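Each remark here refers to the structure printed beneath this line.
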Amino acid sequence: MNAYAPILVLGALGAAFAIFSVVMATLVGPKRYNRAKLEAYECGIEPTPTPAGGGRFPIKYYLTAMLFIIFDIEIVFLYPWAVTFDALGVFGLVEMLLFVLTVFVAYAYVWRRGGLDWD
């Protein structure tokens, strides 16, 4: 248990600082509300009312999210390889080159098909 004590203390200090910051900001901060501050933030675009059942998202939104996840998972595999690069030797280098080549082929396919266009 003594090995984990510094980690627990650091976690408790971080949580205490976060709670303290939020509480002090609400107590001490200015309270000047206007119409613009009370509206939902829509990236500078005036928000439009949505239908009662909720709006429909275009399929392009979901495809972009899936592409992000695929290329983000590549980093999950690259990090352990980079940590153990010396121990893996030439075999690890060849395997990672094949992996990156496979991901690059998928990226080129998506790019060629127009999956990265923001229309």
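Model, not experiment: these values are computed from the prediction.
In this structure the side chain of Glu95 never reaches within 4.5 angstrom of the side chain of Phe99, judged on heavy atoms. Using a 4.5 Å heavy-atom threshold, the side chains of Phe20 and Val23 count as separate.
Both Ile19 and Leu27 are assigned to one and the same hydrophobic cluster, defined by single-linkage of ILVMFWY side chains at heavy-atom distances under 4.5 Å. Following chains of ILVMFWY side-chain contacts shorter than 4.5 Å, one can reach Leu88 starting from Leu97, so the two form part of one hydrophobic cluster. In the hydrophobic cluster analysis, where Ile, Leu, Val, Met, Phe, Trp and Tyr join through side-chain heavy atoms closer than 4.5 angstrom, Val103 is grouped apart from Val94.
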*May I have the step-by-step check of side chain to side chain contact (heavy atoms under 4.5 Å, CB included) for Tyr4 and Ile7, ending in yes or no?*
CA-CA 5 Å; Tyr4 295 110; Ile7 296 172; 4.3 Å; yes

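A distance of 10.5 Å separates CE of Met96 from CZ of Phe91, quoted to the nearest 0.5 Å.
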Could you list the donor-acceptor pairs under 3.5 angstrom formed by side chains in residues 64-85, with sequence neighbours left out?
residue: Thr64; atom: OG1; partner: Lys60; partner atom: O; Å: 2.8
residue: Trp81; atom: NE1; partner: Gly92; partner atom: O; Å: 3.2
residue: Thr84; atom: OG1; partner: Pro80; partner atom: O; Å: 3.0

